[in-house]
> 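Okay, here's the structure, questions in a sec.
Just follow the structure's listing: the first ligand is 1, and inside any ligand the first atom is 1.
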Amino acid sequence: MIATVTLNTSIDKAYQLSCPLETGSVMRVATCIDNAGGKGLNAARAVATCGEKIVATGFVGGNNGRLLCELLDADGIEHDFVHAVSETRCCVNVLEPDGRSTEFLEPGRPVSPEEVAAMREKVADIAARADVVTFNGSAPAGAGDDIYRELVAIVREAGKPAILDTSGALLVNSLDARPTMVKPNTDEICAILGRKPESIDEIVAAAREVHESRGIEKVVVSLGGDGSVMACDEGVFRGRAPKIEVVNPVGSGDTMVGAFAVAMARGMAVEEQLAYAMSCASANCLSASTGHFDMAVAEELRSGTTVERVA
Ligand SMILES: Nc1ncnc2c1ncn2[C@@H]1O[C@H](COP(=O)(O)OP(=O)(O)OP(=O)(O)O)[C@@H](O)[C@H]1O
Ligand SMILES: [Mg+2]
């Protein structure tokens, strides 16, 4: 079983407009689609699409929290959340007829110290049953910048692999707890090293540095359409993604993390783990719905996804 931890869940609302967005006016929404959101829930859907058992945890609260659980039930995602007093946030994506999108992300209402303590217990309980645990995205106010360091440490003490995909201080502060894998994009690796790698050679050096100096088993830097670079004990690998007509790339990194967890749980070789996760992530780019993809499409894209050892 794979477990995903989403501290900052949301009801993601896609507002489709039938005319261009005009600020300062009344806009009528043509269609509204609600989705169970938060980056870990995209990863959870990827795990389910890969055909593995999934348990999604995190914080939910209020009526939005109940709706979120119903949406996950409809997606066939098993969940075991900590129920907080504050209402789960909403995030709104306004889509214009020409494909332009404008996102409004609520920050996430605060959680209490007691609720954070309940989350530590929940993660300990789920980690004991899980093959791999993933931590994705931001955290609500009240959780503190050390929350992932604490939760990753709980998973590692249980002897289970932990994958971390977050940004800023949450990412930097958690490295001492030695997550098994981190998946920064170039902005996120900049937060760790204090410099933004520009060329592939600099990205290779950066991934290697985080692997060696911080003792992180697997460092996977994702580069959007340019693929990825992975540093681990087996070497440094360059992954190349197939050329595709992208429909919606949002959530590709989350899909990559969910599929990586599956590949790790299935005991694939490291090169194969990367290629499998990348082909699922590219398939996500071909689906309009964030964090949804078709496994048959991922299998087709696998032959155009290459992984080569570069160091
Ligand atoms: N344009 C694209 N064409 C083909 N594959 C892509 C494209 N964009 C992303 N991918 C695949 O998805 C993987 C992850 O993408 P990306 O680096 O954009 O993640 P991210 O920035 O963490 O995204 P998010 O946080 O929105 O999930 C890439 O390594 C690649 O395999
Ligand atoms: Mg990401």
Side-chain angles (χ1 to χ4, degrees), residues 4 6-8 10 12 14 35 37-47 49-50 91 93 99 101 103 105 134-139 148 163-168 170-171 174 179 181-192 196-197 200 203-204 206-207 218-231 237-263 271-294 297-308:
T4 58
T6 316
L7 299 180
N8 218 357
S10 72
D12 285 352
N35 213 352
K39 299 181 86 59
L41 298 181
N42 295 335
R45 276 187 289 270
V47 170
T49 305
C50 291
C91 293
N93 188 7
S101 87
E103 284 191 274
L105 307 182
T134 81
F135 296 93
N136 307 69
S138 59
Y148 284 135
I163 307 182
L164 178 69
D165 180 14
T166 187
S167 56
L170 286 167
L171 170 61
S174 71
M181 170 177 154
V182 292
K183 194 224 63 68
N185 55 29
T186 44
D187 289 336
E188 291 156 356
I189 204 140
C190 178
I192 300 175
K196 188 162 181 175
I200 283 291
I203 291 161
V204 166
K218 207 179 285 162
V219 178
V220 179
V221 183
S222 71
L223 307 168
D226 289 330
S228 64
V229 166
M230 173 173 74
F237 298 86
R238 171 79 171 99
R240 287 190 178 80
K243 296 274 166 280
I244 51 173
E245 289 287 324
V246 173
V247 178
N248 174 14
V250 179
S252 299
D254 311 334
T255 301
M256 188 179 200
V257 167
F260 237 114
V262 169
E271 300 97 306
E272 194 49 40
Q273 289 176 18
L274 181 61
Y276 179 80
M278 285 179 66
S279 48
C280 293
S282 295
N284 173 70
C285 298
L286 293 178
S287 149
S289 177
T290 298
H292 287 85
F293 70 97
D294 184 337
V297 172
E299 276 159 13
E300 257 173 53
L301 293 174
R302 175 64 188 83
S303 60
T305 308
T306 62
V307 172
E308 174 198 4

> Going by heavy atoms in the side chains, are Leu223 and Ile200 under 4.5 Å from each other?
yes
> Can you find a non-hydrogen atom of Gly239 under 4.0 Å from ligand 1?
no
> With side chains defined as the heavy atoms from C-beta onward, is the minimum distance between Met256 and Ser228 less than 4.5 Å?
yes
> Look at the side chain of Thr166 and the backbone N and O of Gly137, then say whether any donor-acceptor pair between them is shorter than 3.5 Å.
yes
> For atom 5 (N) of ligand 1, what is the closest protein heavy atom, and at what distance to 0.1 Å?
Ser282 OG, 2.9 Å
> Please write down residue, atom name and distance for the protein heavy atom closest to atom 1 (N) of ligand 1.
Val246 CG2, 3.3 Å
> If we ignore angles and hydrogens, is there a donor and acceptor under 3.5 Å between the side chains of Lys183 and Ser222?
yes
> Any idea which protein heavy atom is nearest atom 2 (C) of ligand 1, and the distance to it?
Gly225 CA, 3.4 Å
> Report the nearest protein non-hydrogen atom to atom 21 (O) of ligand 1: residue, atom name, distance rounded to 0.1 Å.
Asn185 ND2, 3.2 Å
> Give the residue, atom name and distance (to 0.1 Å) of the protein heavy atom nearest atom 28 (C) of ligand 1.
Gly224 O, 3.3 Å
> Hey, looking at atom 29 (O) of ligand 1, which of Ser167, Cys280, Gly227, Ala241 has the closest heavy atom?
Gly227
> Thinking salt bridges, do Arg302 and Glu272 make one under a 4.0 Å N-O criterion?
yes
> Do you know which two heavy atoms are closest between Asn248 and Ser289, and how far apart they sit?
ND2-C, 4.1 Å
> When you compare ligand 1 with Asp165, is there at least one nitrogen or oxygen pair between them that comes in under 3.5 angstrom?
no
> Which distance, rounded to the nearest 0.5 Å, do you find between the CZ of Arg240 and the CG of Asp226?
9.5 Å
> Any luck finding a side-chain donor-acceptor pair between Asn284 and Ser252 under 3.5 Å?
yes
> In terms of atom number and element, which parts of ligand 1 are under 4.0 angstrom from non-hydrogen atoms of Met278?
31 (O)
> Report yes if some N/O of Gly251 lies less than 3.5 Å from some N/O of ligand 1; otherwise report no.
yes
> For ligand 1, which atoms, with element, lie under 4.0 Å from some heavy atom of Asp254?
27 (O)
> Relative to the heavy atoms of Met256, which atoms of ligand 1 are at a distance of less than 4.0 Å?
13 (C), 14 (C), 29 (O)
> With the threshold set at under 4.0 angstrom, would you say Lys39 reaches ligand 1 through any of its heavy atoms?
yes
> Is a donor from one side chain sitting under 3.5 angstrom from an acceptor on the other, for Asp12 and Asn35?
no
> Give the atom numbers and elements of ligand 1 that come within less than 4.0 Å of a heavy atom of Cys285.
6 (C), 7 (C), 8 (N), 9 (C), 10 (N)
> Going by the atom numbers of ligand 1, which of them fall below 4.0 Å from some non-hydrogen atom of Ile244?
3 (N), 4 (C)
> Is the side chain of Ser279 donor-acceptor paired with the backbone N or O of Tyr276 at a distance under 3.5 Å, no angle test?
yes
> Between the main-chain N or O of His292 and the side-chain N or O of Ser287, is there a donor-acceptor pair closer than 3.5 Å?
yes
> With a 4.0 Å cut-off on N to O distance, would you call Asp187 and Lys196 a salt bridge?
yes
> As a check for students: among Ser252, Ala283, Ala259, Ala281, identify the option with a heavy atom nearest to atom 15 (O) of ligand 1.
Ser252
> Provide the number and element of each atom of ligand 1 under 4.0 Å from a heavy atom of Leu223.
17 (O)
> Using a 4.0 Å cut-off to any heavy atom of Pro242, which atoms of ligand 1 qualify?
4 (C)
> Among protein heavy atoms, which sits nearest to atom 22 (O) of ligand 1, and what does the distance come to when rounded to 0.1 Å?
Lys183 NZ, 3.1 Å
> Atom 23 (O) of ligand 1: which protein heavy atom is closest, and how many Å away?
Gly253 N, 3.4 Å
